[in-house]
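First listed ligand is number 1; within each ligand, the first listed atom is number 1.
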Amino acid sequence: MELSFYKYQGTGNDFVMVDNRQNIISKNNTNLIKTLCDRKFGIGADGLILLEDADEPRVDFKMVYFNSDGRESSMCGNGGRCIVAFAHFLGIIKDRTVFTAIDGLHEATIEGDLVSLKMTEVERVEEKEDAVFLNTGSPHHVVFHKDIASLNIKEEGAAIRYSEAYKKAGGTNVNFSQPSEEAVLRVRTYERGVEDETLSCGTGVTAVALAAFATGKVSAKKIKLLTPGGELFVSFEPEGKAFKNIWLTGPAKQVFKGEISC
Ligand SMILES: N[C@H](CCC[C@H](N)C(=O)O)C(=O)O
């Protein structure tokens, strides 16, 4: 079969994007999706995203996300921003949308390359001895550290991701963050399902911003996150211990279009 695809990236988190409204790719074809994401034997990406028809009124499309291990996973924030840019490119939406994903409905707006994505609400931030855990659509373990450039993210991230603490829950993503100036945080992320450091993680930087506010490291409600792949902004409204009206904003770009035999 000849498969048409588009390659998108959002601050260096990169995705194979497929218009699957005709159901050309089956969701349980793990080997095919893993191969398409393979950087040597396939196109190469951190994940693959299917755009499908939503079967509910006033919802423009459905997002189905797979990590590069080929398995469907939880919400992808950067992927959510990229699928909005893709839907705009396909002419499915104009400059705002409501779409559905594994964690529910998402509003989003697009202006040029800049996409703002409303994230799911966060009911609870769990403060541990030396870390913070929360779920922003995907599970995130957040560690604040004074020199994240010195860390071996793949090694230190994998140790936490595969630890007993997270085994039953199917693992977690791991973020290492270094406070910079006021309301600015550096972030490096180990991603579950990629099993390596990615250049940025949308649900990850969202988790870091909320964790920093919850632990008093920042007082602003709009935070700039500096990732190896670029800058992202997270804004939110604290409500008691919960967080609402959470928005993730940053660039989402089409890199190339392609055809692949598979
Ligand atoms: N690897 C994550 C999903 C993708 C998250 C990341 N790419 C993002 O931008 O949020 C997980 O399996 O929990």
**Study point:** Atom pair CZ/CZ of Phe256 and Phe5 - distance to nearest 0.5 Å
**Key:** 5.0 Å
Within the distance-only criterion (no hydrogens, no angle test), does the side chain of [X] pair as donor or acceptor with the backbone N or O of [Y] below 3.5 angstrom?
X      : Y      : answer
Arg192 : Gly170 : yes
Gln178 : Lys146 : yes
Arg81  : Pro251 : yes
His88  : Lys94  : yes

Practice item. Return the minimal non-hydrogen interatomic distance between Asn78 and Ser200, and the atom names on each side. Key: ND2-OG, 2.9 Å
Exercise for review: Answer yes or no: does an N/O atom from Cys201 fall short of 3.5 Å to an N/O atom of ligand 1?
Suggested key: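 Such a contact does not occur with ligand 1.
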Point to revise | Gly77, any N or O under 3.5 Å of ligand 1 N or O | key: yes
Review point. In terms of residue, atom name and distance, what is the protein heavy atom nearest to atom 9 (O) of ligand 1?
Key: Gly202 N, 2.8 Å
Point to revise | Identity and separation of the nearest protein heavy atom to atom 4 (C) of ligand 1 | key: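 Looking at atom 4 (C) of ligand 1, the protein heavy atom closest to it is Glu191 OE1, 3.4 Å.
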Practice item. Give a yes/no verdict on whether any heavy atom in Cys76 is under 4.0 Å from an atom of ligand 1. Key: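 So Cys76 counts as touching ligand 1.
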Mind checking whether [X] contacts ligand 1 via backbone (N, CA, C, O), side chain (CB onward), both or neither, at a 4.0 Å heavy-atom cut-off?
X      : answer
Asn67  : side chain
Ser73  : side chain
Asn13  : side chain
Asn173 : side chain

Review point. With a cut-off of 6.0 Å (strictly less than), are more than 12 heavy atoms of other residues, nucleotides or ligands near CZ of Arg39?
Key: yes
Exercise for review: Determine the sole option in Glu195, Glu197, Glu155 for which the side chain to side chain donor-acceptor pair (under 3.5 Å) test with Tyr190 is passed.
Suggested key: Glu195
Check your understanding: Taking only heavy atoms of Tyr65, which atoms of ligand 1 are found under 4.0 Å from at least one of them?
Key -> 3 (C), 4 (C)
Point to revise | Proximal ligand 1 atoms for Thr203, defined as those under 4.0 Å from one of its heavy atoms | key: 5 (C), 8 (C), 9 (O), 10 (O)
Review point. Quick one: which of Cys82, Ser138, Ala207 has a heavy atom closest to atom 3 (C) of ligand 1?
Key: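 Going through Cys82, Ser138, Ala207 one by one, Ser138 has the nearest heavy atom to atom 3 (C) of ligand 1.
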